K.L.:
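Here you go, one structure.
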Amino acid sequence: MGRGKGRFNPIILTGRTITGIAEDSKSVCRTDDGQVCFVEGAVPGDVVDVLVLQKKKGFLIGVMQKLITPSPERVEPVCEHFGICGGCKWQNFSYKGQLAEKQNKVEQAILRIGKTEPKEFLPILGCEEPYYYRNKLEYTFSNKRWLTKDEMSLEGDILKEPGLGFHRPGAFDKIVDINHCYLQPDPSNEIRNFVKWFAKEQEWPFFNVRAREGFMRNLLIKTSSLGEIMVMVSFHYDDQDAIKLLLDAMLARFDDITTLLYVINEKANDTFLDLPCITYYGPGYIVEMLGKVKYKLGPKSFFQTNINQTINLYNIALDFADLKSTDNVYDLYTGLGSIALYAAAHCKKIVGVENVEPAIEDAKSNAIWNNINNAEFVVGNVEDVMNDSFIERYGRPDVIITDPPRMGMHGNVVETLLKLECPKIVYISCNPSTQARDIQLLSEKYELDKLQAVDMFPQTNHIEAVALLTLKSVMSNG
């Protein structure tokens with residue numbers, strides 16, 4: 001809270017009505033004088049008492065102390081770990097309510113930040129299945145699991161129990177031990193619980209992040225809509241007898257595992273992208289399919305985590321693009337070329353740009369595997385690569401598809417797009433605020449035709465949006 005002169009004494013705001021949502025799944029209310037307060041634990045429509053814990057410049061931060069009148073959209077969470085693990089923070093908020101708030105979030109961003117209104121605001125596309133929608137989860141082993149308030153009053157061995165699950169927000173060395181997660185379909189839960197049980201039976205030490213010691217570190221599970229399953233176990237040191245014992249036990253227990261890998265990570269952090277992943281069983285990858293395009297996905301491959309909504313997202317983008325067989329297309333921030341390969345059948349040529357070299361290697365490999373000959377991929381930062389020589393080599397684009405990271409497009413990319421004057425830009429974004437900012441910058445030469453939100457991550461505040469920008473037919477001479 002701070003000390004001395006800057007100390008803030010907690011206060012209580014009584015009878016506050018929650019009016020909306022904010023970042024990090026917090027909700028919003030206001031003080032009597034109109035000051036914004038971000039609240040943890042409440043949902044829009046609730047009437048609550050708020051314990052204000054922090055005062056920042058221009059706003060307050062608090063937690064729900066008492067629920068006075070529940071919102072009509074408040075529901076009972078399905079997960080036993082709700083409110084503890086830090087994920088799925090909106091399980092207490094009806095899915096209908098979530099979609100309404102996300103639609104409003106996108107609309108307000110484009111109106112207030114983008115300072116424009118599309119010719120057509122299309123309704124948000126929700127998820128048919130708001131649970132078990134992820135195809136990838138990563139779990140962490142810890143020698144000390146997070147204890148609930150009730151457990152902390154107990155004594156004995158429970159205080160020393162290890163755990164396998166997710167990092168507790170704000171506690172880097174503690175893991176919330178997960179029994180059942182509603183994010184990934186079976187057999188994800190069974191695999192995780194079996195690995196935890198087997199490791200405990202063998203009395204293998206779970207990793208101690210503070211002391212940097214222990215054997216079991218991480219567990220990665222990937223699934224595909226084709227029924228393939230990849231599992232990778234991360235160990236802190238190389239004990240081949242123990243590794244073989246565990247992996248053989250997993251294969252004997254789960255005959256639906258199609259690829260099993262392991263990695264030895266002796267580093268201080270959990271990142272394995274710079275480490276060799278050793279294939280113990282299977283081809284070392286799983287296969288996913290979007291439309292008629294197949295993708296080989298290894299343990300390091302980045303891919304959209306909600307495959308059913310990814311297909312819908314890409315179909316909306318292609319519908320907006322309205323590609324012709326004569327079109328030359330740029331796909332900026334292409335990743336492993338997922339949308340570029342998906343769009344290739346609808347245009348003359350498409351070139352993808354991405355700064356992650358392994359992703360570009362995946363894109364090229366998948367293009368060859370699918371016999372796609374009109375897609376090329378270039379590694380490098382978009383702001384550096386897309387220059388005059390690039391345009392001369394690959395030709396002026398008829399359509400540009402851009403799907404930047406949360407920070408949005410680099411300023412130099414926006415400048416290049418304005419100079420390039422491509423007839424159509426399809427902008428896919430996971431951050432409505434930065435998308436709106438970029439659209440406002442592009443409004444010098446482009447008008448916003450359509451905007452549609454797509455919910456890729458139910459039970460969270462995250463939302464994707466697809467925008468269609470078209471070059472203004474009459475350019476200003478000013």
Side-chain angles (χ1 to χ4, degrees), residues 99-100 102-126 309-334 339-340 342-348 350 352 382 386 396-404 406 408-411 413-456 463-478:
L99 293 179
K102 291 182 179 187
Q103 174 84 1
N104 184 61
K105 181 179 181 178
V106 171
E107 291 183 0
Q108 291 304 310
I110 199 64
L111 292 173
R112 295 180 178 181
I113 302 173
K115 295 180 174 60
T116 187
E117 186 170 355
K119 294 178 181 177
E120 190 174 8
F121 254 135
L122 294 167
I124 186 172
L125 181 64
Q309 281 295 80
T310 297
I311 293 172
N312 293 328
L313 179 76
Y314 288 0
N315 283 340
I316 290 170
L318 291 188
D319 178 65
F320 283 13
D322 190 24
L323 297 177
K324 306 294 189 295
S325 59
T326 55
D327 281 344
N328 187 34
V329 183
Y330 289 178
D331 179 27
L332 310 182
Y333 311 94
T334 190
I339 193 168
Y342 191 67
H346 304 277
C347 62
K348 180 180 179 181
I350 189 164
V382 176
M386 203 170 66
R396 297 185 68 83
D398 301 293
V399 179
I400 289 176
I401 300 171
T402 180
D403 187 2
R406 288 191 60 80
M409 293 193 295
H410 192 282
V413 176
V414 174
E415 287 299 317
T416 300
L417 294 183
L418 288 171
K419 293 176 183 177
L420 194 55
E421 296 184 358
C422 175
K424 282 187 286 191
I425 299 174
V426 177
Y427 191 147
I428 304 170
S429 174
C430 60
N431 186 339
S433 296
T434 54
Q435 182 186 44
R437 177 203 66 199
D438 292 344
I439 289 174
Q440 198 278 326
L441 294 172
L442 290 167
S443 66
E444 177 185 332
K445 291 187 178 180
Y446 286 88
E447 55 189 3
L448 181 58
D449 276 4
K450 299 178 183 179
L451 186 65
Q452 183 167 19
V454 180
D455 188 23
M456 304 287 286
I463 184 65
E464 303 249 347
V466 187
L468 171 62
L469 295 97
T470 55
L471 194 66
K472 293 177 182 177
S473 55
V474 180
M475 305 305 299
S476 171
N477 293 322

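Counting begins at 1 with the first residue of the sequence. A quick note: this is a predicted structure, and the numbers were derived from the prediction, not measured.
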K.L.:
Distance-only, no hydrogens or angles: does the Asp455 side chain make a donor-acceptor pair with backbone N or O of Gly126 under 3.5 Å?
P.N.:
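Pair absent, no side-chain N/O of Asp455 close to backbone of Gly126.
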K.L.:
Considering only residues two or more places apart or on different chains, which pairs with a residue in residues 317-329 satisfy side chain to side chain donor-acceptor pair (under 3.5 Å)?
P.N.:
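For residues 317-329: Asp322-Lys324.
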K.L.:
How long is the span from the CD1 atom in Ile339 to the CD1 atom in Ile428, to the nearest 0.5 Å?
P.N.:
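If I round to the nearest 0.5 Å, the distance is 3.5 Å.
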K.L.:
Rounded to the nearest 0.5 Å, how far apart are CD of Glu415 and CE of Met386?
P.N.:
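One gets 11.0 Å once the value is rounded to the nearest 0.5 Å.
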K.L.:
Does any part of the side chain of Thr116, heavy atoms only, come nearer than 4.5 Å to the side chain of Gln440, both counted from C-beta?
P.N.:
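No, every pair of side-chain atoms sits at 4.5 Å or beyond.
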K.L.:
Knowing that exactly one of Val106, Ile110, Ile113 qualifies, which makes a side chain to side chain contact (heavy atoms under 4.5 Å, CB included) with Pro432?
P.N.:
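Exactly one option meets the side chain to side chain contact (heavy atoms under 4.5 Å, CB included) with Pro432, and it is Val106.
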K.L.:
Tell me every residue that passes side-chain contact (heavy atoms from CB on, under 4.5 Å) with Glu117, counting only those two or more places apart in sequence or in another chain.
P.N.:
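Glu117 satisfies side-chain contact (heavy atoms from CB on, under 4.5 Å) with Leu111, Phe121 only.
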K.L.:
Check whether more than 12 heavy atoms from other residues, nucleotides or ligands sit under 6.0 Å from atom NZ of Lys450, and answer yes or no.
P.N.:
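Yes - once you tally the heavy atoms of other residues, nucleotides and ligands closer than 6.0 Å, there are more than 12.
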K.L.:
List the residues meeting ring-ring contact (aromatic ring centres under 6.0 Å, His included) with Tyr314, not counting sequence neighbours, and say none if there are none.
P.N.:
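Partners of Tyr314 under the ring-ring contact (aromatic ring centres under 6.0 Å, His included) test: Tyr342.
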K.L.:
Which atom names give the shortest non-hydrogen contact between Thr334 and Ala340, and what distance separates them?
P.N.:
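Scanning both residues completely, I find the closest heavy atoms to be OG1-CB, 3.8 Å.
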K.L.:
Under the salt bridge (Lys or Arg N to Asp or Glu O under 4.0 Å) test, which residues partner Asp438, sequence neighbours left out?
P.N.:
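Asp438 satisfies salt bridge (Lys or Arg N to Asp or Glu O under 4.0 Å) with no residue once adjacent residues are dropped.
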K.L.:
Please enumerate all residues that pass side chain to side chain donor-acceptor pair (under 3.5 Å) together with Thr434, with sequence neighbours excluded.
P.N.:
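For Thr434 there are no side chain to side chain donor-acceptor pair (under 3.5 Å) partners, ignoring immediate neighbours.
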K.L.:
What are the two closest non-hydrogen atoms of Ala109 and Ala436, and how far apart are they?
P.N.:
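Distance-wise, the nearest heavy atoms are O-CB, 3.2 Å.
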K.L.:
Can you check whether Tyr333 reaches Met409 side chain to side chain, under 4.5 Å on heavy atoms?
P.N.:
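Side chain of Tyr333 against side chain of Met409, heavy atoms only: contact under 4.5 Å found.
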K.L.:
Which residues pass the side-chain contact (heavy atoms from CB on, under 4.5 Å) test with Ala467, sequence neighbours left out?
P.N.:
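Listed in chain order: Tyr427, Gln435, Ile439, Leu448, Leu451, Leu469.
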K.L.:
Which residues satisfy the side-chain contact (heavy atoms from CB on, under 4.5 Å) test with Ala343, sequence neighbours excluded?
P.N.:
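Expected list: Leu318, Leu323, Ile350.
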K.L.:
Nearest 0.5 Å, please: how far is CG in Leu471 from CG in Leu418?
P.N.:
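Here the interatomic distance stands at 9.5 Å.
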K.L.:
Does the side chain to side chain contact (heavy atoms under 4.5 Å, CB included) test come out yes or no for Thr402 and Val382, once each step is laid out?
P.N.:
CA-CA 10 Å; Thr402 180; Val382 176; over 6 Å; no
K.L.:
Which heavy atom of Lys472 sits nearest a heavy atom of Glu444, and at what distance?
P.N.:
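In terms of heavy atoms, the two residues are closest at NZ-O, 3.9 Å.
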K.L.:
Could you check if a side-chain atom of Thr470 sits within less than 4.5 angstrom of a side-chain atom of Tyr446, using non-hydrogen atoms only?
P.N.:
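A side-chain contact under 4.5 Å is absent here.
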K.L.:
Look up atom CD in Gln452 and atom CD in Gln103, then write down how far apart they are to the nearest 0.5 Å.
P.N.:
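These two atoms lie 8.5 Å from each other.
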K.L.:
By side chain to side chain donor-acceptor pair (under 3.5 Å), which residues pair with Asn312, not counting sequence neighbours?
P.N.:
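Per chain and number, Asn312 pairs via side chain to side chain donor-acceptor pair (under 3.5 Å) with Gln309.
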K.L.:
Please identify each residue that fulfils side chain to side chain donor-acceptor pair (under 3.5 Å) with Glu447, with sequence neighbours left out.
P.N.:
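Result, side chain to side chain donor-acceptor pair (under 3.5 Å) vs Glu447: Lys119.
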K.L.:
Going by the rule side chain to side chain donor-acceptor pair (under 3.5 Å), which residues pair with Lys105 if we only count those two or more places apart in sequence or in a different chain?
P.N.:
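Glu23.
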K.L.:
Who pairs with Ile400 by side-chain contact (heavy atoms from CB on, under 4.5 Å), at least two apart in sequence or on another chain?
P.N.:
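Scan of Ile400 (side-chain contact (heavy atoms from CB on, under 4.5 Å), adjacent residues dropped) gives Tyr330, Leu332, Pro397, Leu417, Leu420, Cys422, Ile425.
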